[in-house]
Each structure stands twice: as structure tokens, then as C-alpha cells.
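In what follows, a single structure is set out as C-alpha cells and then discussed.
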Amino acid sequence: MSIIVVGSTAFDDIETPKGKRDRIIGGSCIYFSLAACFRSNPRIVSVVGKDFSKNFFKELNKKGIDTSGLLVKDGKTFSWGGKYKSISEDPETKFTNLNVFENFLPIIPTSYKLKNKIVFLANIDPDLQNKVLDSLDSKKFIGMDTMNFWINSKRKSLDRAFERINLLTINELELGLITKKKSLEKSLEYIFNRYPIKFLVVKKGSSGSLLATRNSLNWIPCYPFAKMIDPTGAGDSFAGGLFSFLNNVNSFDKKNILLGMIYGSAIASFTIESFGTNKIFNLSKKEIDNRYKLLKKIAKII
Ligand code: AMP
């Protein structure tokens, strides 16, 4: 089974209290796919510039990730710089260079449309997320993420997308930015009163994540023993884990979403243990399953 993921492919400059790395490969759809490839065949829709190594495409392909929709265009690859003052805080964005994303029109290859029921709109310009939504012909389960950069610059476009998705993953700070409410309770009320979103997953960093629906609230913990080096990509890996889990179940109900969140938490706990994609790139299914089992016990879902 496969999942279509639309998102950024990037060169990241990252600084955390544990060190600094320049021009390492990142981007929302890269972290998502690397996390999702253990339980699905993710199909990427994204763009890079001529400065991006084609060898990396081959590495992704070896993991069952389809890159037919990962286009190479004249120009430079999207790049982002982030600095984490403390490992538990959100990063301060140093720069965002959209580069080839400025004129990118996401097109889902016909080969992608055949066999998938899930589409994930990873963090990317909401105009592009909407273009993808416009092009979807049949009923799909649609997940979405976003961040402060787009909330501040393209709110109307985000609202249009929120009207058409099933599940939103968002970090707590960014949820507050959207709703302009100080309390989480009021924020949840705002989202469910305003948009037809059925499932809202609020990421709370090292405090775990919440699954909110119109009439329920559940909490999933983080893996407690992770050695944090670089939090970049944790949110995208979490989403990749969650959606690849859903790719293997028959119904997208609350229980399966909670189990998927535990699986996503297990994978994200590896992502943060190295700079960039290093750790998640070399991960084994067994390592993930061990943390998944432990988290499931802690969360007491089953
Ligand atoms: P996260 O999972 O939230 O830590 O996302 C990390 C990834 O988001 C990094 O690898 C960045 O390249 C990417 N990113 C940062 N800013 C943006 C943006 N404005 N649009 C799309 N992707 C971004």
C-alpha cells in the first residue's frame, strides 16, 4: 500500500545546544517518507534544484520510496536555517529560502493515483496544499501539517485547506497562533467550531501528543529515554509513523489513530537522536518495534 506525501525537500542549517550542521538534507516530506517507509511505500511529490544529489533519490528508492513525483528544476533547492536555544523549545528560524518552490506546481503522477487511500500534506506553502486538494478525484483520508511561517503569511489559504482535510497535526504553539487563544481548551473549541476537521493531533514536544475530537481527548506520551541531539523533523517523522500505521488498518477510527500516534512517537524518538536524517536513515524495524511495544505499555491503550 502507498501514501502520497506532498512537502518540502530541503538543505537545512541546524544549530542546537549539541552542535551545528550546515546544508544537511531535510524537509518535511523527506522526514515523513523515511519514517513511513517501514509500513508503506510513500510516494513523494516535491521539488529540488540542480544542486541536489541524484544519489539520494536512489537511496530513497532502495527503501521503497517512490520519487517519480520528486522533480528536479533549474535553480536552488529550498533551504532553511533553524536554531534551538534549548532542546525543548521550538527553533528560531534564521532563514527560509523558497528557491525552486517559488514557481512549483505540484502534480501527482498518474502512477501514484492508482492504489492509495491516504494523502499527507506535509508542511509546505498552503497554496500548493490547496492545488493538490483540488486535483484529488476520489475519496481519500487526508492529513495535513503546517507551521508559523505559513500561518503568519498565508492564513486565508490555510483556512481553505482546513475545510477539506480529515486530520490536522499541529504543534501546540502553532495551534495558539491559528486560534489566537491562550488556553488549549479554547483553542480546541475554536478549531472544532470553525472547521470540519474530525481529528486534531496536538504535538506537545517532550510532553507527548494529544488526540482531540469533538467529544474526546486522549494523551500519548513520548518515549522517555531518547537522547535528544536535534529535534528537527520530529513532527514530520511522527506523522510518517502515524499515517503509515493507518495505511495498514481497515478503519480510521480513534483507537487506530491512537495506536498510530504511539508508533509515530516511537519513530520520532529516533529522529531526534542525531542531526538531520542520520539516525532514521539507518534504523531497523526491530528497533522501532521495541520502542513501540514499550510505549504501548506506558500509554495503556491495550
Ligand atoms: P519539523 O518536523 O517541524 O521539525 O520540520 C522540519 C523540517 O521542516 C526541516 O527539515 C525544514 O527543511 C522544513 N521546513 C522549515 N520551514 C519550512 C517551510 N516554511 N515550509 C516547508 N518546510 C519547512
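In each ligand, atom 1 is the first atom listed, and ligand 1 is the first ligand listed. Here the structure is a predicted model, which means the values were calculated and not measured. Below, all heavy atoms of this structure are taken into account, side chains as well, without hydrogens, waters or symmetry copies.
In the vicinity of F149, heavy-atom distances shorter than 4.0 Å reach the ligand 1 atoms 19 (N). Atoms of ligand 1 lying under 4.0 Å from any heavy atom of A10, numbered from 1 in the order shown and given with element: 12 (O). Annotation for ligand 1: atoms under 4.0 Å from non-hydrogen atoms of M147 are 15 (C), 16 (N), 17 (C), 18 (C), 19 (N). Atoms of ligand 1 found under 4.0 Å from any heavy atom of A234 (numbered from 1 in listed order, with element): 2 (O). Taking a cut-off of under 4.0 Å to the non-hydrogen atoms of S8, the atoms of ligand 1 that pass are 13 (C), 21 (C), 22 (N), 23 (C). Taking every non-hydrogen atom of T232 and a distance limit under 4.0 Å, the qualifying atoms of ligand 1 come out as 4 (O), 6 (C), 9 (C), 10 (O). For ligand 1, the atoms sitting less than 4.0 Å from at least one non-hydrogen atom of G235 are 2 (O), numbered in the order shown with element in parentheses.
If you chain together hydrophobic residues whose side chains sit under 4.5 Å apart, Y31 and I229 never meet in one group.
Although no hydrogens or angles enter the test, the distance criterion places a donor-acceptor pair under 3.5 Å between the side chain of Q129 and the main chain of A122. R43 contributes no side-chain N or O that, together with a main-chain N or O of G69, makes up a donor-acceptor pair within less than 3.5 Å.
Looking at G233 next to ligand 1, an N or O pair under 3.5 Å apart turns up. At a 3.5 angstrom cut-off on N or O pairs, W150 counts as close to ligand 1. Of the N or O atoms in G26, none lie within a sub-3.5 Å distance of an N or O in ligand 1. Between G27 and ligand 1, an N or O atom pair is found at a separation short of 3.5 Å. The distance criterion of under 3.5 Å between nitrogen or oxygen atoms is not met by S28 with respect to ligand 1. Annotation: Y84 places no N or O atom under 3.5 Å from an N or O atom of ligand 1; distance criterion only.
Nearest residue to atom 2 (O) of ligand 1 from D236, T93, T271 is D236 (criterion: closest heavy atom).
Under a 4.0 angstrom heavy-atom cut-off, F11 registers as lying outside contact with ligand 1. In this structure, F78 has a heavy atom closer than 4.0 Å to ligand 1.
The aromatic rings of F141 and F243 sit tilted relative to each other, their planes meeting at an angle between 30° and 60°. The aromatic rings of F120 and F32 lie parallel to each other, with less than 30° between the two planes, well short of the 60° mark.
For E59 and K62, the salt-bridge test passes: some basic side-chain N is under 4.0 Å from an acidic carboxylate O. Note on R155 versus D159: salt bridge recorded, some NZ/NE/NH1/NH2 to OD/OE distance being below 4.0 Å.
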| task | Before giving the answer on salt bridge (charged side-chain N to carboxylate O under 4.0 Å, His left out), spell out for K204 and E172 the whole-Å C-alpha distance, their side-chain angles and the decisive distance to 0.1 Å. | result | CA-CA 6 Å; K204 291 166 68 65; E172 193 172 9; 3.0 Å; yes
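The protein heavy-atom contact nearest to atom 23 (C) of ligand 1 is N123 ND2, 3.5 Å.
In this structure, K18 is not positioned above the aromatic face of Y84 in the sense of NZ or CZ being under 6.0 Å from the six-membered ring centre and within 45° of the axis.
Looking at F162 and M144, their side chains come closer than 4.5 Å, going by heavy atoms from C-beta outward.
Legend: salt bridge (charged side-chain N to carboxylate O under 4.0 Å, His left out) pairs involving residues 216-245, not counting sequence neighbours: none detected.
Residues satisfying the salt bridge (Lys or Arg N to Asp or Glu O under 4.0 Å) criterion with D90, sequence neighbours excluded, are absent altogether.
At a heavy-atom cutoff of 4.0 Å, ligand 1 is contacted by the side chain of D12 but not by its backbone. With a heavy-atom cut-off of 4.0 Å, P91 does not touch ligand 1 at all.
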